[in-house]
Enquirer: 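Okay, handing you the structure first.
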Amino acid sequence: MAMRWKNTLKESDVTEEATFMNRRQLMSGAAGFGIVGGIAGGLVGAPTGAKADTLTPNSFEDISNYCNFYEFGTSKDDPAKYAGALTTSPWSVKIDGMVEAPGDYALEDILSKMTIEERIYRFRCVEAWSMVVPWNGFELADLLALAGVQSGAKYVAFETALREDEMPGVKYPVLEWPYVEGLRLDEAMHPLTMMATGIYGKDLPNQNGAPLRLVVPWKYGFKSIKSIVRITLTDKEPATSWNKANAREYGFYSNVNPEVSHPRWSQASERQLGGGLFASRVPTLKFNGYEEEVASLYAGMDLKTHF
Ligand code: MTE
């Protein structure tokens with residue numbers, strides 16, 4: 001598919017690998033937050049403080065212990081302990097609903113038809129930290145083309161694997177399982193929207209959503225659903241996990257927007273990882289810096305209502 005976006009980010013902008021993998025441990029160590037109150041707690045609601053300077057960076061082993069993947073538990077070392085147990089091969093994705101060719105698509109068959117490329121994208125968490133990630137993957141539009149989208153379809157729903165024997169976290173009703181997400185069809189078809197299979201040129205670590213996850217760079221990170229097993233084309237707006245958990249705080253769209261505060265904190269600025277834990281914050285860009293590419297998708301919409 002032809003590229004309609006300008007990649008203004010360079011390799012030198014990429015968040016250092018250790019920092020990317022390490023961020024939750026740093027955050028967790030800094031604030032000591034739990035999961036109560038929403039996605040990984042309320043660190044960003046807390047004022048930045050002097051304590052940060054006393055933190056020392058963690059080792060690589062520490063690093064891969066910290067990820068947000070609640071199916072494996074919510075305490076900070078759970079993903080490291082348990083995500084390795086996720087069987088990622090063989091893997092198939094059910095594509096159903098309003099498509100010409102519904103069915104179970106084996107991942108290796110999908111990959112044999114896709115061109116894997118690297119995309120260096122900004123990643124902005126709803127908690128107001130950010131980084132730059134070199135994803136490997138392909139455009140979601142190319143996968144949808146494989147299945148053939150029917151003309152009445154308006155939305156795409158996504159579902160994560162739910163394996164009680166491999167995912168200890170799903171014993172707990174932190175969220176309603178399986179984790180689900182959704183996009184409007186035009187968002188899903190946008191050339192920026194990708195299915196990631198790797199980072200830094202390596203296979204996705206399990207805790208980052210192996211073997212296949214969504215990446216939508218102009219939306220908050222929680223839209224990037226991990227370890228996808230089902231994609232459904234529909235004409236109704238699909239339910240999404242965090243919206244079901246707290247509709248007042250997490251909307252369906254969840255576009256990065258400095259003008260719309262989270263009910264518990266401002267989204268006007270963000271802390272860029274890699275610049276020191278409490279390095280000065282930088283202004284958050286509308287649509288996470290992809291305004292030129294995606295603003296037209298929302299023309300005429302009140303983004304305060306459709307947050
Ligand atoms: N997908 C599933 N299935 N389960 C999750 O708990 N967490 C989300 C998102 N996708 C999550 C998920 C959240 S809150 C974030 S911020 C990103 O994954 C984190 O992705 P990363 O750890 O690879 O940065």
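For ligands, and for the atoms within them, numbers begin at 1 and follow the listed sequence. Hydrogens, waters and symmetry mates play no part in the numbers below; they use all other heavy atoms, side chains included. Model, not experiment: these values are computed from the prediction.
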Enquirer: More than 12 heavy atoms of other residues, nucleotides or ligands under 6.0 Å from CD of Glu100: yes or no?
Expert: yes
Enquirer: Would you say the side chains of Asn136 and Thr197 form a donor-acceptor pair under 3.5 Å?
Expert: no
Enquirer: If you measure every N or O of Trp242 against every N or O of ligand 1, does any of those distances drop under 3.5 Å?
Expert: no
Enquirer: Give yes if a backbone or side-chain nitrogen or oxygen of Arg213 is under 3.5 Å from a nitrogen or oxygen of ligand 1, and no if not.
Expert: yes
Enquirer: Check this for me: Asp203, atom CG, are more than 12 non-hydrogen atoms of other residues, nucleotides or ligands nearer than 6.0 Å?
Expert: no
Enquirer: Would you please determine whether Ser227 falls within less than 4.0 Å of ligand 1 on a heavy-atom basis?
Expert: no
Enquirer: Output the list of atoms in ligand 1 that are nearer than 4.0 Å to some heavy atom of Asn68, sorted by atom number.
Expert: 5 (C), 6 (O), 7 (N), 11 (C), 14 (S), 22 (O)
Enquirer: Check each atom of ligand 1 against the heavy atoms of Ser224 and keep those under 4.0 Å away; list them by number with element.
Expert: 9 (C), 10 (N), 18 (O)
Enquirer: Could you work out, with salt bridge (Lys or Arg N to Asp or Glu O under 4.0 Å) as the rule, every residue matching Asp235, not counting sequence neighbours?
Expert: none
Enquirer: Tell me the contacting part of Thr160 for ligand 1: side chain, backbone, both, or neither, using a 4.0 Å heavy-atom threshold, strictly below.
Expert: side chain
Enquirer: With heavy atoms only and a cut-off of under 4.0 Å, state how Tyr179 meets ligand 1: side chain, backbone, both or neither.
Expert: side chain
Enquirer: With a 3.5 Å cut-off and sequence neighbours excluded, list the donor-acceptor pairs that the side chains of residues 297-307 form with protein atoms.
Expert:
residue: Tyr298; atom: OH; partner: Glu187; partner atom: OE2; Å: 2.5
residue: Tyr298; atom: OH; partner: Trp218; partner atom: NE1; Å: 2.8
residue: Tyr298; atom: OH; partner: Asn255; partner atom: OD1; Å: 3.4
residue: Asp302; atom: OD1; partner: Lys304; partner atom: N; Å: 2.9
residue: Asp302; atom: OD2; partner: Thr305; partner atom: OG1; Å: 2.8

Enquirer: Describe, in one word, how the ring planes of Phe72 and Phe69 are oriented to each other, choosing from parallel (under 30°), tilted (30 to 60°) and perpendicular (over 60°).
Expert: perpendicular
